[in-house]
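Read the structure below first, then the notes.
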Amino acid sequence: MIELNAQNFEQEVKNETSMPVLVDFWSEKCEKCMALMPEVEELEKKYEGKVKFGKIDAQKDRRFCWSLKVMSLPTFQLYKNGEKVEEITQDVTIDKIEEMINKNL
Amino acid sequence: MPDLYDCLIIGAGPAGLSAGIYAGRARLNTLVFEKKQIGGQASLTWGLENYPGSVEDPTGPKITARMREQAEAFGAIMKHEEVKSVDLSGKIKKVITNKGTYEGKTVILAPGASHIRLGIPGEEEFTGKGVSYCATCDADFFTDLDVIVIGGGDSGLQEGLYLTKYCNSVTIVEMLPELRASKILQERAANNPKVKIITHTAVEKIEGQDLVEKVILKNMETGERTEMPVQGVFVFAGMKPDTDLFKGLVDMDQKGYIKVDEYMRTNVPGVFAAGDCRIKWLRQVVTAAADGAQAAVAAEQYISENFAE
């Protein structure tokens with residue numbers, strides 16, 4: 001998964017037109033996020049070449065998360081042609097993430 | 001992997017992990033299923049000071065991680081899988097997850113409980129946009145901001161006090177005339193300059209543009225309404241058992257809490273329940289752990305009586 005931040009978000013997410021981008025907002029303190037992470041990494045392998053996977057460490061980039069209207073973890077946003085098309089937050093399961101991906105492939 | 005397990009435990013909070021420890025030590029082939037994070041609600045609580053022995057640096061994530069380690073050391077296997085359905089009717093029980101079907105001689109239900117949604121206007125709309133149900137997950141976002149905590153019980157005060165490490169101010173709102181939290185937490189809240197307590201008051205509405213900007217409070221006595229600017233709303237008011245999957249399969253009360261006897265046996269032979277999901281009056285980590293131990297030992301006994309070799 002690509003480490004995303006305020007500096008590279010434009011290029012990696014906003015300017016990505018060849019495939020959808022899944023953005024995982026996480027932090028070490030978020031137990032739910034840590035439990036999901038290995039499964040999200042498995043999904044990344046499964047959708048290789050079809051979906052780009054990135055993650056933002058909310059602890060490092062709180063203000064940037066605010067600017068993306070994210071104030072809760074875990075949150076997953078899906079971008080298509082640079083636009084946010086869907087988001088899931090709080091009661092996140094790996095099935096819900098995959099469902100969101102499949103809907104937007 | 002055996003085709004038939006001795007003990008299938010649903011839920012890896014303190015009840016399920018404690019059951020895993022005892023089942024493992026009884027040399028039962030044991031699986032513990034968890035769809036979310038291992039440790040359950042306890043793993044999301046920073047201060048876990050009332051669990052006996054948790055003296056030094058007693059954080060929920062640390063203590064539950066040790067419980068997990070302990071259960072695994074005795075042979076219980078953790079499965080990060082979501083249970084989709086169960087078949088408890090026959091002598092051999094089935095647990096169907098998002099990854100496969102497992103058969104067992106006994107099942108211990110330890111799914112726990114979760115904080116309820118209040119159902120007030122704005123709550124759903126702003127979930128993740130200022131409304132939160134997990135202080136340890138989200139506190140960072142509210143650094144130097146003003147937040148309100150709904151619920152004056154132990155969870156509300158415990159999490160409210162945790163939030164003071166980050167937030168500019170924390171207002172705890174309780175609908176009843178008095179707080180219900182334990183006295184030690186009430187003392188700490190009273191002595192914390194960042195904490196303000198408002199009783200006999202309900203949060204009627206959450207408002208904002210893209211993110212939470214204010215709440216409307218209603219005084220339960222006078223009916224008077226006031227506006228309060230806040231950026232965060234943390235909800236810790238009431239719990240509900242996560243037992244929807246088992247409705248109609250084991251006896252429950254009207255709220256969905258599972259009925260058990262003192263051996264943690266449900267009305268279905270070979271099926272036990274432990275922790276916050278069952279009818280009891282004190283829902284704490286220590287009582288959940290006690291339930292898990294009793295359920296596992298009762299399961300062991302049930303197996304020796306019903307599956308003689």
Q) Among B:Ala139, B:Pro61, B:Gly60, who wins on heavy-atom pairs under 4.5 Å with chain A? A) B:Pro61

Q: Give the intermediate values and the outcome of side chain to side chain contact (heavy atoms under 4.5 Å, CB included) for residues B:Ser43 and B:Gln37.
A: CA-CA 8 Å; B:Ser43 72; B:Gln37 75 288 349; 3.1 Å; yes

Q) When only pairs under 4.5 Å are counted, which of B:Thr136, B:Thr143, B:Thr64 shares the most heavy-atom pairs with chain A? A) B:Thr143

Q) Taking atom CD of B:Glu204 as the centre, does the number of heavy atoms from other residues, nucleotides or ligands within less than 6.0 Å exceed 12? A) yes

Q. Which word best sums up how the rings of B:Phe234 and B:Phe142 line up, parallel for under 30°, tilted for 30 to 60°, or perpendicular for over 60°?
A. perpendicular

Q | Which of A:Val92, A:Thr75, A:Ile94, A:Val70 touches chain B most, by non-hydrogen pairs under 4.5 Å | A | A:Val70

Q. Who in residues 15-30 of chain A is close to chain B, using a strict under-4.5 Å heavy-atom cut-off?
A. A:Lys29, A:Cys30

Q | Between B:Asn168 and B:Asp144, a side-chain donor and acceptor under 3.5 Å | A | no

Q | Basic-acidic side-chain contact under 4.0 Å: B:Lys205, B:Glu125 | A | no

Q. Does the ring centre of B:Tyr133 sit less than 6.0 Å away from the ring centre of B:His115?
A. no

Q: Might you point out which heavy atoms bring B:Ala237 and B:Leu118 nearest each other, and give the distance in Å?
A: CB-CD2, 4.0 Å

Q. Residue by residue, which of residues 39-61 of chain A have a heavy atom closer than 4.5 Å to a heavy atom belonging to chain B?
A. A:Glu39, A:Ala58, A:Gln59

Q | Polar side chain donor-acceptor pair, B:Glu81 to B:Tyr102, under 3.5 angstrom | A | yes

Q) Where does B:Asp140 contact chain A at under 4.5 Å (heavy atoms): side chain, backbone, both or neither? A) both

**Q.** Under 4.5 Å from any heavy atom of chain A - which part of B:Val131
**A.** backbone

